[in-house]
Amino acid sequence: MPLTRRQFVVGSSLTAAYAASGVARIGGLVYGQTSGVNDILVVLYLRGGIDGLNFAAPVNEPNYVASRPNLRLRESGTDAGLPLANPIGNGIDFRLHPSARPLLDVYQAGALAIVHATGLTVANRSHFDAQSLMEGGVPSSRQPTGWLTRHITTSGGQSGAIPTLAASNSLPGSLIGSGSAIAMPNLTNFALPGDPTIFPAMTRMYSGTTPLHMAGFNAISAIQNVNNAIGRPPTGGTLPAYSPENGASYAQPETQTGSLGSALITIARLIKLDIGLRIATLDVGGWDTHNNQGLTTGTYATNVDSLARNLLAFYNDMVRYRQRVTLVAMSEFGRTLRENQSGGTDHGRASIMLVLGGAVNGGRMYGTWPGLASQALDGGDLAVTTDYRQVLAEIVVRRLRNPQLSAVFPGLGNYRPLGIVQGSDLPTT
């Protein structure tokens, strides 16, 4: 069947959208150009400010006990947390939230590290501002590009059909300014519907050397290559069922668009296709627990359960790729030390970061515990003792082999690796 004018016009307009900035959008997907490294980094953003004090709880800290009469984990009983080996803090008994039990075995196996008292070094309790700064890779002054964009640029770019993926409907702040990212929640609609002749026609149309032509050509190639790899026509069709490996069981199906499980399955699929994925981002909200936070039941416990089950599933599913895949989870801030009168916690200061993977020196906590005594608090809350960028910088240097930290994280200062991930350090600039 010949290509209709409507199919050509629709295909051309979808491909050309955003191309003036070097990025093409196809069917809601954003595609640009990149080039690569051997390891794969997955960045999970926990939007809303996760309560780190109840994820890895200092159950015997006197001020924690006094400040949370209802919202605190105990050392024993029905509200007891799970003991964590190798804690930080002299004499502090840190307990993992019971809803995070699926991660305890991964922690004990040495593949999960917890960094406590981490965050922005300059206090900021606004969701919008704190997220913008953190994804920009800076403490207090917004940047026109994201830290992942600057990593990609300074490491020489990437190659492959889809080297950079945002498993969501839009690019996160960390990828602002990137010409290397596709934004899509899953592979269901990663196609260009219409007559098959649309592809050679559009390939000829975008055969030039301008940024518009190159972005369009790469987008078309990505659609063809990915769909060929998953076994369906590039014009779309039913997405083949996905079978996780190694007994992995995600908390949500791939079809539940917007869920953490669906996003991780999409990332796992693309990693296993071996078509060049090197950077992936995803996010999950629901951590802004001002009201009815709950302890071992309720909103917070439900979110922790989903997070833990999905991270365990992803780790198990990546059995053949564990040494290459590092996942880091972060949030804009923690919650207040004191519970509020609405059964929740408000915007606080320091929180936690999680680092998961086969090349992680896990099974222990990292960072410096400042304590919760009144004189150690920052604005009444847990103080930041580890700049979140030091955690990311160590991954960038040791796993992604990019030493240009002054460009990736402006104003970071001295590089101080905590030893969270394996790999050698390079002379940093």
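Val138 places none of its side-chain heavy atoms less than 4.5 Å from the side chain of Trp147. Contact annotation: the side chain of Val59 never approaches that of Arg74 to less than 4.5 Å [non-hydrogen atoms, C-beta and beyond]. The side-chain heavy atoms of Ile230 and Leu273, taken from C-beta on, include a pair separated by under 4.5 Å. A 4.5 Å side-chain heavy-atom check between Tyr107 and Leu356 finds every atom pair outside the cut-off. A heavy-atom distance below 4.5 Å is not found between the side chains of Trp287 and Tyr45. Residues Leu171 and Thr281 have side chains not in contact (no heavy-atom distance under 4.5 Å, counting atoms from C-beta outward).
Salt-bridge annotation for Arg335 and Asp346: absent, with no side-chain N of the basic residue lying under 4.0 Å from a carboxylate O of the acidic one. No salt bridge links Lys272 with Asp274; every basic N to acidic carboxylate O contact stays at or beyond 4.0 Å. Contact check on Asp378 versus Arg349 returns a salt bridge, with a Lys/Arg side-chain nitrogen under 4.0 Å from an Asp/Glu carboxylate oxygen. Asp51 and Arg68 are joined by a salt bridge, as a carboxylate oxygen and a charged side-chain nitrogen come within less than 4.0 angstrom of each other. With respect to the salt-bridge test (charged N to carboxylate O, under 4.0 angstrom), the residues Glu332 and Arg47 do not qualify.
Ring pair His347/His127 is perpendicular by interplanar angle, where above 60° counts as perpendicular and below 30° as parallel.
Annotation: salt bridge (Lys or Arg N to Asp or Glu O under 4.0 Å) contacts involving residues 247-271, sequence neighbours excluded, comprise Glu254-Arg269.
Only one option out of Phe94, Tyr366, Tyr388 pairs with His116 in a ring-ring contact (aromatic ring centres under 6.0 Å, His included); it is Phe94.
Because its NZ or CZ atom is both nearer than 6.0 Å to the ring centre of Tyr315 and within 45° of the ring axis, Arg322 counts as a cation-pi partner of that residue.
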